[in-house]
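The structure appears right after this line, and notes come after that.
Just so you know, residue 1 is the first one in the sequence shown, and it goes up from there. What you see is a predicted model; the values in this text were computed from it and never measured.
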Amino acid sequence: MPLDVPVRFKWGTITHRDYAVVRIQTGDGLEGHGLAISRGAPIDVAVRDMIAPLIIGMEAEDVGAVQTEILRRTASGDRHGILANARSLVDIALWDIRGRAMESPIWRLLGGNRHDAGVLLVEGYELPNESDEEFAGRLAKRAAEGYPVLKLEAAGYDDYRALRRRLELIRQLAGPEVQLVVDVNGAWTSVREAAEAINTFATVDLAWVEDPFPRHQLHDIGKLRGLVQTPLAAGDDITDPRALCRLIQEEMVDVLRVDATTLGGIGPTADVIGFARQHGVAVSGHAYPSVHQHFTFAWPDMPWVEAFPDELPFEPSHKLLTHSPYSSIVNGRLSAPEAPGLGTELRMDAVERFSTRHGAAGGDIMRVQP
């Protein structure tokens, strides 16, 4: 899907975002879906050619049995990477079906009882020709609207001192109450560079700095943590739950980032959140509010729902859905959805319009237990 305004990172410029969409139908006419950024990876091929033949004909509501069958039948290959992405979207689609069959939102199936939650708004991407003052004013306005946490994208800055100036301006305009998060998106490769930048931000009082290093440098987060006072977070896009558990066990992060669209789906992500709870580590969900809001409304361990503003050109996946959680935010807070399953539908006209590859698995469709 093309972006109206390109997003610049240190390692390149994004002019569009690639998504994978999985749709599962049952013999009783129920339908569930999963949606996530694919970054050009053939997740659709993995679903169609590797996973679908293993599970067609199984009971759609028995999500655990489906996960077990997929893991058993793919044990000779790599369970992580693209296959984990594919398994995740299938699992989310099946939880969507399960909620619809039971006429319950997923958060209630998880045992939740929260009624609303604050929103972590990803507002801090740079707009074209925006001055420091205009940038800071835009984020300060969001704080005045009631958003308790604002996230800034840091991967596009060649000089972290320019980011520090913007952070200082935001703090001056918005005051001390709003929490500020800086997402480095893996743009730093040196522990020394990261420590220098983070310590420069110390006067701004950040809630945390997120994903300072690429995924293959997760071990460096532990080194960095000993050099800075600012809390650190990591975990975006990780496909192996054990890697996140190691971050906790080795005390490398203050906030664990989780993504149900990469970790294997709803169940595996719930397990990781439970592990973080046992160790007293806070959790933050990566994007996809239609999915991750259900964990927030289920448990206090993930206090905020992360969302992108629909009216800005940063993340357009909401155009593929009939309802975006962002549209329901009031005064920086989101109420728990009452619609069954994920609480939204695919806009198939938009999915078809933007699709470049199509695939369908034949054979008997899945069943729903009577």
Side-chain angles (χ1 to χ4, degrees), residues 1-9 11-25 30-52 81-97 100 121-123 125-128 153 156 185 236-237 239 259-262 265 285-293 306-328 337 339 341-362 365:
M1 297 180 68
L3 298 180
D4 295 333
V5 176
V7 176
R8 187 177 71 88
F9 294 102
W11 37 262
T13 299
I14 295 177
T15 59
H16 66 280
R17 291 193 187 271
D18 298 319
Y19 299 94
V21 176
V22 171
R23 183 169 56 140
I24 297 177
Q25 295 175 316
L30 292 177
E31 183 177 299
H33 74 270
L35 163 68
I37 286 178
S38 66
R39 296 184 173 88
I43 296 172
D44 57 317
V45 176
V47 172
R48 183 189 63 216
D49 295 349
M50 298 180 68
I51 293 180
I82 291 175
L83 190 56
N85 294 116
R87 193 173 72 250
S88 300
L89 295 187
V90 169
D91 183 89
I92 291 168
L94 292 178
W95 272 89
D96 192 16
I97 289 172
R100 293 170 190 273
L121 191 68
V122 187
E123 174 78 21
Y125 282 87
E126 192 173 27
L127 293 175
E153 179 59 57
N185 217 321
D236 286 12
D237 300 323
T239 60
D259 189 336
T261 73
T262 65
H286 175 217
Y288 313 115
S290 62
V291 175
H292 292 129
Q293 65 177 336
E306 181 171 288
F308 286 76
D310 289 352
E311 71 271 20
L312 293 178
F314 309 142
E315 208 286 301
S317 65
H318 63 91
K319 297 178 182 179
L320 302 176
L321 302 173
T322 58
H323 174 73
S324 166
Y326 175 78
S327 64
S328 298
L342 289 173
T344 187
E345 310 280 349
L346 287 173
R347 286 185 52 203
M348 288 308 300
D349 59 333
V351 171
E352 293 291 341
R353 184 167 72 253
F354 290 109
S355 291
T356 57
R357 283 204 304 256
H358 305 262
I365 56 181

**Asked** Side-chain contact, heavy-atom cut-off 4.5 Å: Leu121 with Pro309?
**Response** yes

**Request:** Please test Glu311 against Tyr326 for side-chain hydrogen bond (donor to acceptor under 3.5 Å, both in side chains), starting from the C-alpha separation and ending with a verdict.
**Result:** CA-CA 10 Å; Glu311 71 271 20; Tyr326 175 78; 2.9 Å; yes

**Item:** Side chain proximity check, Leu83 to Ile51, heavy atoms < 4.5 angstrom
**Value:** yes

**Asked** Between Arg23 and Leu346, is any pair of side-chain heavy atoms under 4.5 Å apart?
**Response** yes

**Message:** Among Glu315, His16, Lys319, exactly one meets side chain to side chain contact (heavy atoms under 4.5 Å, CB included) together with Met1. Which residue is that?
**Reply:** Lys319

**Message:** A side-chain contact here means heavy atoms from C-beta on lying under 4.5 Å apart; do Asp259 and Asp236 qualify?
**Reply:** no

**Prompt:** Do Leu35 and Leu89 touch side chain to side chain, with heavy atoms closer than 4.5 Å?
**Reply:** no

**Prompt:** So Tyr125 and Val122, side-chain contact (heavy atoms from CB on, under 4.5 Å) or not? Walk me through it.
**Reply:** CA-CA 8 Å; Tyr125 282 87; Val122 187; 3.7 Å; yes

**Prompt:** How about Pro316 and Arg17: do any of their side-chain heavy atoms sit closer than 4.5 Å?
**Reply:** yes

**Item:** Heavy-atom pair of closest approach, residues Pro313 and Asp4
**Value:** CB-CB, 3.9 Å

**Message:** Any non-hydrogen side-chain atom of Glu306 less than 4.5 Å from a side-chain atom of Pro289?
**Reply:** no

**Fill in**
Scanning both residues in full, the closest heavy-atom pair of Ser290 with Thr344 reads CB-CG2, 4.3 Å

**Request:** Using atom types as modelled and distance alone, determine if a side-chain donor or acceptor of His292 lies under 3.5 Å from a backbone N or O of Ala260.
**Result:** yes

**Asked** Does the Thr322 side chain pair with the main chain of Glu345, one donor and one acceptor, at a distance under 3.5 Å?
**Response** yes

**Item:** Proximity of Phe314 and Phe308 rings by center, below 6.0 Å
**Value:** no

**Asked** Is there a side-chain contact (heavy atoms from CB on, under 4.5 Å) between Thr261 and Asn85 once you walk through the steps?
**Response** CA-CA 6 Å; Thr261 73; Asn85 294 116; 5.6 Å; no

**Prompt:** Taking the side chain from Asp96 and the backbone from His33, do they hold a donor-acceptor pair closer than 3.5 Å?
**Reply:** yes

**Complete:** Smallest heavy-atom separation, Leu312 atom then Leu127 atom, equals CD2-CD1, 4.4 Å

**Item:** Closest contact, heavy atoms only, Pro6 versus Thr13
**Value:** CB-CG2, 3.7 Å

**Asked** Does some side-chain heavy atom of Gln25 sit less than 4.5 Å from a side-chain heavy atom of Leu30?
**Response** no

**Prompt:** Ion pair present between Arg347 and Glu352, side-chain N to carboxylate O less than 4.0 angstrom?
**Reply:** no

**Item:** His323 and Ser328: CA distance, side-chain angles, deciding distance, side-chain hydrogen bond (donor to acceptor under 3.5 Å, both in side chains) verdict
**Value:** CA-CA 9 Å; His323 174 73; Ser328 298; 3.1 Å; yes

**Asked** For Ser38 and Asp18, what are the C-alpha separation, side-chain angles and deciding distance, and is it a side-chain hydrogen bond (donor to acceptor under 3.5 Å, both in side chains)?
**Response** CA-CA 5 Å; Ser38 66; Asp18 298 319; 5.0 Å; no

**Request:** Can you see which heavy atom on Ala86 is nearest to which on Val47, and at what distance?
**Result:** CB-CG2, 3.5 Å

**Complete:** Nearest heavy-atom contact between Gly81 and Thr239 is N-OG1, 3.0 Å

**Prompt:** Should the pair Asp91-Arg87 be classified as a salt bridge under the 4.0 Å nitrogen-to-oxygen rule?
**Reply:** no

**Prompt:** OG1/Thr262 to CD1/Ile43 distance, rounded to the nearest 0.5 angstrom?
**Reply:** 9.5 Å

**Check against side-chain contact (heavy atoms from CB on, under 4.5 Å), Tyr288 and Ile37** = CA-CA 10 Å; Tyr288 313 115; Ile37 286 178; 3.3 Å; yes

**Prompt:** Is any NZ, NE, NH1 or NH2 atom of the basic residue among Asp237 and Arg39 found under 4.0 Å from an Asp or Glu carboxylate oxygen of the other?
**Reply:** yes

